[in-house]
Structures are given as C-alpha cells and as structure tokens.
Amino acid sequence: MKHYRSVAFAALAVASSLSLANGPVSYERLLRADSEPGNWLMYSGNYRGHRYSRLDQITPANAHRLRPKWVYQMRTTHKVETSPLVVDGIMYLTRPPNDVVALDTETGRELWYYRYKVPDRVYVCCGQVNRGLAVLGNRLFMGTVDAKLVALDIRSGRELWKTEVTDYTQGYGVTVAPLPLKDKVIIGVAGGEYGIRGFIDAYEAETGKRAWRFYTVPGPDEPNFGTWDGDSWKTGGSSIWVTGAFDPDLNLTYWGTGNPGPDWNGENRRGDNLYSDCMVALDPDTGKLRWYFQYTPHDVHDWDSVQVPVLVDAPFRGGQRKLLLHANRNGFFYVLDRATGEFLLGRPYVKQTWATGLDAKGRPVRVPETFPTESGVAVWPGVTGGQNWYSPSYSPATGLYYVAAQEQGNIYFKAEATYKPGANFTGGGGKPIPADPGWGAVRAIVPETGEIKWEHRLLTPPWAGLLATAGNVVFGGTSEGNFFALDARTGKHLWRFPAGGQVIAHPISYLSGAKQQVAIAAGDVLIAFALEESGAPVTQSRRD
Amino acid sequence: MDALLLILALAFGPAVDVSGRWSGTALVRNETGGQVDMPVVLILRQEGDRVTGTGGPDDSIQFAIRKGKLEGDRLTLEAEAEGSTYYLDLKVEGDQITGATRRRGSDGSEQTGKLTLKRGPEKNPFDTAADAAVGQRYFLGHCAHCHGPEGEGGRGINLTVGRYRMGGSDQEIFRTIRRGIPGSEMPGTEFSEKETWRLVAFVRRLARAGAEEKASGDPDAGRRIYESRGGCAQCHMVRGSGGTLGPDLTEIGLRRSLRFLEQSLTDPGAYVPEDYRTVTVVTRAGREIAGVRLNEDDYSIQLRDLDETMRSFLKSDARAVRPEKRSLMPAYGSTLSGREIQDVVAYLSSLRGKP
C-alpha cells in the first residue's frame, strides 16, 4: 500500500502541471508498467495481457458510490472500441475511425486534437473501428483503417511520420492497437473477410522504417506451405486485429491470428491452413517464428483466435510453469506452456457442439456434421464465438481468469466464394437460430483446471471487455448499455450505471490526482467514473 | 426549336435508351501513382434526355445521381458520395458505355479514371429449372427463416402473392435480395451474382406457382366480425385506426398466407412476433401485470399493459419477471364458427396496404 500511495502523490503533483512530469515513456517504464498503477501505459495495461489494475481504492464495500465524473462526447456514428492510455494525468484515445485526442483526466477537457483524413472507401469488414494507441518515448502510434502507421508527438498531437503498411485497396486495414516493444512498434493487418494474406510487422519507432515482417500464411519454400491447396495461400486471410503480449525473459512476443479465407467455405483450401487460428510466438528482434499452436485447424466457422493471450506464472500440476491462458472463440479455454507452445489443458467454457473433445496435443476431434452446408447447419458456438475480440482479465490477487462469454449458436451456411481484390471473400455466413436468442455471462475460470468458479449471468451476449482490480472488483459492460461492477472473488453484483449505449470497449483504471478512476466507452461517449465523496460533489476541482 | 436540332433529336433521341443496370470497372489512379480497378454499378432510368438513377461500387452501395443528361450518344452524370463529387463523361455504344470519370473530394483532392461498363442483365441469366432448384437450397438456408419454407410468409412477406414493395422485375428482386430493404427487418445478403440470380429464379417461381390460394370466406362479413363481435380493433390498427397492443394489420394480407392467418385466429400462441412477446411481472405485493414487452435489460423491463399503458419495472423490485409463450390475443376457435373464421381470414387477406 505504501508504495502505491507514493505513486499516487506523484500523480497528484503531475495532474496540477499536466505535462510528462515523469519523463518520456521509455521501454523500461513499459517493462515496469505494473509499478505505475496510476497510469495505463499500453492496450492491456501490461505486457502480459492482464488488463488488471493494481489500484485498490474502489472495493466491493464502496463500489456503490461510483458516479460519472465526466463524459467525453465523440459525436461519431462509428463503433467505439477504443481502449485509452493514461500517462501522468493525461488520457490519450482514438476517436473512430482515426482521430486522436488528449484529455485532462480530472475534467475530461480536450488538450489537443489530431484529425486523420480517411479515404472515401476503405475495406474493413465490420465498421471503421480502432482499438487504441501505443506510447513509446514521447510518441504515440496508431494504425489506420487505410493501412498506414502514424506517429504523433505526445505533447502536441503533431504528426511525426506516416508509413504505408500496405495497399489498403486490396482489402487491408489496421484496427489493432500497436504493441510498443524495445525500440519498435508491432502491428498487424485486418482483412480476413477480403482474401488478404495476413502479416505481423515491426517498425522502428524513431523513423517508421519497417524492421521485419512475418507472414501468417507461409509462402512457397517456407515451412507449412503445404497446409494450403494450390494458390489458396495467396488469399488465406489469417489477419491480426487484436494486440498481442510479450515475455521479456523469454524474449517472445505472442499474437493470436485470424480466420482462414474464405471464412465458411473450405473446399478450395484443404489442409490445416497454417498459421490461421493460431497462437504464434515470435522473436521480437527478428520476427522469426519460435513456435505456434493451432486452435482450430482448417476452420470453417470464422473462429479467429485473436483473443488477447494472458501470460501467467503459476503452479500447474505440481510445478511452477510459464503459462499462456486463452479463452478461444471456438468455445474452449486453453492453457499452453508459453516457452514451448506445449498444450497443457483445454476445456469448454461455453456450450460447443463442433468437437467431441481435444486430443492429447490439443487438436480438436471434429464432428463432421458441423461443417457449413448450403442449406445451413446449427452449431454452437455461433459465428461470433464463445468470446470475440474484447479482452479477458486476469487477477493475480484472486488467481482467476475472467471472460465475458457469449452463449449462442448459429446456423452456418456455405456459399460460393470468388476472389476479387477489395471485395468480400467469405463464402457463406451465420444467422440466428430462431429458438436460441442467446445469452451471456461473466465467468471466472480457475487456470489450473479450467473450472468455472462463478458466473454472473447476462441477458444477452456481451461485447465488452473486462477489468479486474486489486480492490477485488471486476468491471464489465452489457449490450444494452449497462456498465457494472462485480466482486472478483464471488461474482456478486455490486453496482451498475445505465450508460445508454452499447458497451463494445474495455474498461481501464488509473489515478487522476490521487483518486482512482475507471473509464469506459459506451455508445459514442467515454465516461470516467470515480467514487462519490461523502458530502462533497465529485466535480469539486482539485486545482482551485 | 431549330429544325436541324429537331431532326437530330428525332434521329438520336429515341435511338439510345440507357435505362437499366450497367456494370463494369473504373481504372483509376491511386495516391501512390499505381492504377487500380474499381467495380462500378449504375442503375439508370431515362426519360427524354434526362437521366436519373443511382451509382456505386456494387448493387448494395448506391448513391443518387444528382444530374444526368443524354445528348446524342453522350451521357453526362454527376453524383455525390461520401464527401466527393463524381463527374462522368461517357459515350454510349449499344450495350457498352465508355468514358472518363473524375472525382473531386471536398478537401480539393482530384482523381481521374477510365470507365468501361456493359449493360447488366435485365433478365435473369440463370433461370432454368436447375438454377431454381439450387436457388431453393439457398432459400431454405437463408430466407425460409422469415419467409417460410414455401415462401408463405412469416416475419417476412408472403412471396407467393407476387407483389413486392421494392419492385417486381428480375433486376429489382435481384437488388432487394442483394441490399435488403433499409429500415426494415430484411437484411442484405452476401451472395455472389450467380447465387443471387438463382435465388431470383426460385422466388419468381414461388409467385408464378400462383400458389396464391383464394380465400373461401366473405371479406365483408369478415370485416363486420372484425369490427364488432371479434373486438379485433381494440388491439390492432388498420390504416391508422384501432389499438396498439397487437401488430398493425394494414398490410397483413401481403405478409401472411391464409393458412397462417387462420392459425393466428385459432391458436395465436403458435407464433408471436419478436416485438410482441408476452411478459408478466409479479410485484412484491403479489400483483400480476401482464403486457407486451417493449424493452429489457439486465436490470429493468418495460411493457405495454392490457390498458395500453407503458410501464417500467426494476427487476430488483419485482418478485418475478415471467416471459410467456402464450399470446395476449384470445383464441377464436370457440367463439367464432368455422365459417366466421374463414370470413375474418378473407378480410385480413384483403388488407394489402394503403388503398
């Protein structure tokens, strides 16, 4: 506690001057992100993908006193999926598609605004979204829906450089929040519904020059090229659209890859279709593949495996192991050894009907009747999966992995797919099962066994990520626009706020002054919550 | 009008008709100096020398043509889309249109390209029995959920009637399947051109089968029962008069088959539309309030009660919230005779939108 309090006071001092009082956000600061709980320095809060806040002011005992402190109106019709960053009293976030804004965390007032011109037509399947920024040194980094990578000066929002990642008119875009790593920035490309050939890129933070590229679909003469039929590798998809994780001790960066293309028709891409629906572990200095694990070989259900990998060091069956936890869109919760990629555990966390189980190596034993047909076949989980892109959370305090689960099936159908650059290349789709409107749940999973310790049921499938905190609170959101808090130990419902717009974003937590805030985007606004102080309005200025 | 111009107009005016669908590509220069092919679809309607219609990258994304003029074989079009103005200067030669396209962005940017379009198929090019059989498979997978396995209607309109709000030509049905009906529950689809045409082939046959059965009852007698003894208008609206508890029936004859209508009268719980689900809230004091569910989230529920009053309850204040399978509508099997039911069915079937 003592330590956090001193951090809190440092942050208070910062809030009154609104500058980078602690200096630039060096790689060393990023490595020690957990020791700066007053800040939120990267997409998942730390390199291990935890989306966990070490702040403990908000607790199950006082969460009912949470009130909105300020609201930032984005005035956009695009979906807001952004996860903001907070550095020393200033919040940085993207306004979709690709504007960037700096806000004072105490008042929600704008400090600067960066406008990005998006072409009339871009090629993103599911909305012109952006999931967030990266910070490194005095710079912010953002990928754009027209497949550029932009660096901004964090002090002014001035554009420093802009690099073309690839030709967006061929169906590519960047929606993922970049991962800052050493002197580089790592991103990947979206476009899994447009017959792209996916890749992960690293760029020099200083110059914007590309350092390496790893294709998530191997080319001729590369290992595993044989897992694709004929020319199908050229349109094999395997996009990257959610931020990966990093283990500095093993010097490995982990990224989940997207579905093979075309999504629902696998006729012309027989084989396992590597490295679609995989976890890949890369050397961040060279981009070389160290290991991979494929969750759904030859996927025909659009089960991208981009969900944030959660890195945990924990006892596992008698020994301390370096684990990677991952609740996959295909309905199974997986535990891998993150040094080697060895499969350790796999267990369904939602209803699934497509596999009779996983074999000793983690390969699913398929039910053949669940492959999409022209007239359609009902399969669980549905197209959007047991969970989708939004973040899980891991609490070192409870040792539990939290996931917002979707309980829903779909009727999957197959159709013809002809590749045309920039055109949809999906070969089918999914639609609702009339008698199964679906529902949702926040579930707490015990990593060692995959057992569900508790669940909090939701009326409909959720699209919001979770945040656990050291105060033993888990925050989440609903599709009807409620933002809520649960007890991290028991799942007991503590508090909720009707935000009036669907929550399709992740919560973060940070200090403004010395007070813990929790921020979430709902609809097209961002709301910052703080504890109401007894007898005093929450808006009382600290700077008077 | 100058005599020469009149002769020219007579000579060229009627000779060229650009009405219809045109599809092809625009070869445009992109920002980096390379050239890319962009798909283009124009849907044109010609009246004299005036040309109206829409244009866009495909059938599902179309923008209104602001100005369009045909002079001889020269066709000029102007359209506004997503912050840019497009100027097309084209030459019409039979079933082909070629020419130049220019885009001016609101930010002052400019882009030019070459356009080549061919007259899109007006008539369904995939219209054999075999095509329709394939179309039927797609239909069962994608459309039957709302339109019924035999096209008899349900959540979607009855397709056996052969009346389509968005137009009934092959081309119009094609477009409706492709882009859906904005503002309605009918979604767009992602079928390829060929697949869509095959669906058109099947949908057309549904109507041709004229399967449209003839109601056996007397619609006038049915109307009288509807308005008096049946008490239907208490809950249902027809052309602006009636209650709001049940669905509006102004177009019900377009949407439902005779069989469906009859079942709705005798067994209303068999199908309750999504927006009219019955729910009962039991208050702490034990009072039961039944109504039509208007909205719901994890914490609260809103309903229209039997007096048509809109009410909202916190779930934490309720002893129970019971979603129910039954409909709030009474079953008429015991209060009306078989003959009377057929009369009401005939009346309902005659309700086909505003007169």
Side-chain angles (χ1 to χ4, degrees), chain A residues 117-123 125 146 148 164 167-170 193 262-264 372-377 411-418 420-429 431-434 437 439-440 456-460 462 476-482 484 493 496-498 500 502, chain B residues 25 28 30-32 34-39 56-58 60-61 63 81-86 103 105-107 109 111 134-146 149 154-155 187 189-196 198-199 271 274 277 295-301 315-316 321 323:
Chain A
K117 168 106 177 75
V118 171
D120 290 343
R121 178 140 203 219
V122 290
Y123 303 81
C125 69
D146 60 336
K148 312 283 191 292
E164 183 180 62
D167 179 2
Y168 74 94
T169 63
Q170 306 299 299
E193 277 65 52
D263 306 40
W264 296 284
T373 60
E374 279 172 339
S375 54
V377 54
I411 293 169
Y412 287 84
F413 55 87
K414 180 171 78 173
E416 204 180 284
T418 315
K420 268 187 286 180
N424 231 284
F425 182 62
T426 53
K431 57 189 174 93
I433 298 173
W439 54 286
H456 170 74
R457 207 179 154 112
L458 301 169
L459 185 70
T460 58
T478 74
S479 293
E480 290 76 32
N482 285 290
F484 61 81
H493 186 270
R496 64 110 177 186
F497 179 77
Q502 187 184 8
Chain B
T25 54
V28 296
N30 66 13
E31 295 155 16
T32 47
Q35 289 198 323
V36 284
D37 272 336
M38 310 281 278
D58 57 40
S60 59
I61 304 174
F63 301 96
E82 296 174 331
S84 288
T85 311
Y86 291 81
R103 179 185 72 82
S106 51
D107 57 352
S109 63
Q111 204 174 19
V134 178
Q136 181 174 19
R137 290 216 304 275
Y138 301 148
F139 186 89
L140 288 172
H142 302 259
C143 319
H145 167 45
C146 293
R155 231 169 107 197
T189 57
E190 295 197 350
F191 288 111
S192 68
E193 292 232 348
K194 192 160 118 191
E195 289 162 348
T196 310
R198 285 172 159 170
L199 259 169
Y271 174 83
E274 186 108 328
R277 276 189 260 162
N295 203 358
E296 184 176 1
D297 72 1
D298 286 275
Y299 306 94
S300 68
I301 186 156
K315 290 181 178 175
S316 56
V321 175

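Bear in mind the structure is a predicted one, so any value in this text is a computation, not a measurement.
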### Query
Counting N and O atoms only, with roles assigned by atom type, does the side chain of B:E195 sit under 3.5 Å from a partner on the main chain of A:E416, one being a donor and the other an acceptor?
yes

Taken in chain and number order and not counting sequence neighbours, the residues that satisfy ring pair (Phe, Tyr, Trp, His ring centres under 6.0 Å) with B:F191 are B:Y138, B:H142

Rounding to 0.5 Å, atoms SG (B:C146) and NZ (A:K431) come to a distance of 8.0 Å

- request: Evaluate the side-chain proximity of B:R137 to A:F413: yes if any heavy-atom separation is below 4.5 Å, no if none is.
  value: no

Can you tell whether the side chains of B:R103 and A:D120 come within less than 4.0 Å, N to carboxylate O? yes

With sequence neighbours left out, the residues meeting side-chain contact (heavy atoms from CB on, under 4.5 Å) with B:A81 are B:F63, B:Y86

Okay, B:E296 and chain A: the region with an atom under 4.5 Å from a heavy atom over there is both

Rounded to the nearest 0.5 Å, the CZ atom of A:R496 sits from the OG atom of B:S300 at a distance of 6.0 Å

Applying a strict 4.5 Å limit to non-hydrogen atoms, the region of A:T478 in contact with chain B is side chain

Heavy atoms of A:L458 and B:D298 approach each other most closely as CA-OD1, 3.2 Å

The interface call for A:K420 against chain B, heavy-atom contacts under 4.5 Å, is neither

Of the listed A:E480, A:E374, A:R457, A:R121, the one with the largest count of heavy-atom pairs under 4.5 Å with chain B is A:E374

Highest number of heavy-atom pairs under 4.5 Å with chain A among B:L140, B:D37, B:D297 belongs to B:D297

